[in-house]
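See below for the structure under consideration.
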Amino acid sequence: MKERTVQLEVLRYNPDTDSEPHFQRYEVVCQDEWVVLDALNEVKETLDPTLNYRWSCHMAVCGSCGMMINGEPKLACHTFLRDYPGVIRVEPLAHFPIERDLVTTPDDFMEKLKRVKPYLIPKKPKPLEAGEYRQTPAQLTKFRQYSMCINCMLCYAACPEYGLSPHFIGPAAITLAHRYNQDSRDGGRDERQEVIATQEGVWECTFVGACSEVCPGHVDPASALQQVKILSCFDWIGEHLLPGGKK
Amino acid sequence: MSRRPYVREVPPTAWYFRHPRYLRYMAREVTSIFVGAYCVLLTVGVLRLAQGQASYEAFLQALQSPASIVFQLLAFAAASYHAVTWFTATQKAMPLQLGDEFVPGGWIAGAHFVGWGLLSAAILYFAGVF
């Protein structure tokens, strides 16, 4: 197995002792097939047990190990060291407060996720004995791609709108709202539109498209947001310009 | 151990130098200025036309000045870049599902490019270019 010494430059922040974050360099002997997360684990096990970071599955499913790798939002478990010839700079996800070292505070995202009601709201209550909701493959195709989000928040770290206007509900949360709005079993669109068809919702998006470029699940949040914009415009036309509109 | 999350401020301007994708985005946005300016130019042309033949011919004469030609070339380049980026984006904004599958995105963007080409050719035809 091929080995090489990798230089990692890791942003460190200890809220008990540091007034601001600083970089610390580690030299780690790594296997060629290792990912950045393996190198961080090696640092923690052999060089510096005080290093803090989040991870769980090591297979790009849990969405825990999102961080900035050479300035780009990446999953550390999905980023091979061999793709980075020089010093690898590892920082916490951009646009989120740093809790400690590479650990960020996801509270803002979690609160926004809750607001968009990312769960099925049935059109009318159905007792269990009435059986399951049935769906055709075409109905599933309509939203399936948007259900692949793993809540890793890379799209928020890539989105300059979220960085500049933190009140923006953001790519992943709006995409999940769209996912449920597109679901044939769901009847909660009106409730979600109250949250997402607003200035701090989809109209804050200027279609930079970075969210889709960095998404490890190929969810394509940018497409979901543009579709929400178009559908919201149709709502407005229906309500204001067509006879019998609600307003 | 205490909680004292550190908030990093986003620089209001320098962020778009962080990655080429942000520069491409800013380039697309800046092209709007040229597109808008050319719309103003067309509006002025209509006003001159309403003012009579002499006024309109003076306007046409002004369009042939070197500065005007440079502006029109820049506006054409900007409008073309703007159109290409937006027509490419249509596949994200307007996906088309037929049965169990989505139509390939390239078809949707391609249809817009074909429409753009046909309309441009029609305008040039009626303008007497060919």
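First the proteins, then the strands, lettered A, B, ... as listed; each starts at 1.
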Is the number of heavy atoms from other residues, nucleotides or ligands within 6.0 Å of OH (A/Tyr133) greater than 12?
yes
Ion pair A/Glu72/B/Arg21, N-O distance below 4.0 Å
yes
Approximate separation, where rounding is to 0.5 Å, of A/Arg100 CZ and B/Arg4 CZ:
10.0 Å
Steps toward side chain to side chain contact (heavy atoms under 4.5 Å, CB included) verdict (B/Val7, A/Phe96)
CA-CA 7 Å; B/Val7 177; A/Phe96 290 98; over 6 Å; no
Within a reach of under 6.0 Å around CE of A/Met110, are more than 12 heavy atoms found that belong to other residues, nucleotides or ligands?
no
Are side-chain heavy atoms of B/Arg28 and A/Phe207 found at a separation under 4.5 Å?
yes
Atom group of A/Asp107 that falls short of 4.5 Å from chain B, counting heavy atoms
side chain
Measuring from atom CZ of A/Arg144 to atom CZ of B/Phe102, what distance do you get when rounded to the nearest 0.5 angstrom?
11.5 Å
Contacting moiety of A/Thr136, where chain B heavy atoms sit under 4.5 Å:
neither
Heavy-atom distance under 4.5 Å to chain A: side chain of B/Tyr6, backbone, both or neither?
both
Distance from A/Gln139 atom CD to B/Asp100 atom CG, nearest 0.5 Å?
10.0 Å
Full working for side chain to side chain contact (heavy atoms under 4.5 Å, CB included) between B/Lys92 and A/Ser212
CA-CA 10 Å; B/Lys92 287 186 184 288; A/Ser212 296; 4.1 Å; yes
Please flag which part of A/Lys142 lies under 4.5 Å from any non-hydrogen atom of chain B: side chain, backbone, both or neither.
both
If you define the side chain from C-beta out and look only at heavy atoms, does anything of B/Glu101 sit under 4.5 Å from A/Thr141?
no
Which heavy atom of A/Ile230 sits nearest to which heavy atom of B/Ala93, and what is that distance?
CD1-O, 3.4 Å
Can you tell which part of A/Pro92 gets under 4.5 Å to a heavy atom of chain B, answering side chain, backbone, both or neither?
both
Do other residues, nucleotides or ligands put more than 12 heavy atoms under 6.0 Å from the CH2 atom of B/Trp116?
yes
For chain B, the option from A/Val103, A/Val208, A/Thr104, A/Leu225 that forms the most heavy-atom pairs under 4.5 Å:
A/Val208
Does A/His78, at its NE2 atom, have more than 12 non-hydrogen atoms belonging to other residues, nucleotides or ligands within less than 6.0 Å?
no
Please look at A/Ala158 and chain B and tell me whether the side chain, the backbone, both or neither of the residue comes under 4.5 angstrom of a heavy atom of that chain.
both
With a 4.5 Å cut-off on side-chain heavy atoms, are B/Arg3 and A/Thr105 touching?
yes
When you compare the side chain of B/Arg8 with that of A/Pro97, does any pair of heavy atoms fall below 4.5 Å?
no
Does any non-hydrogen side-chain atom of A/Pro160 lie less than 4.5 Å from one of B/Tyr22?
yes
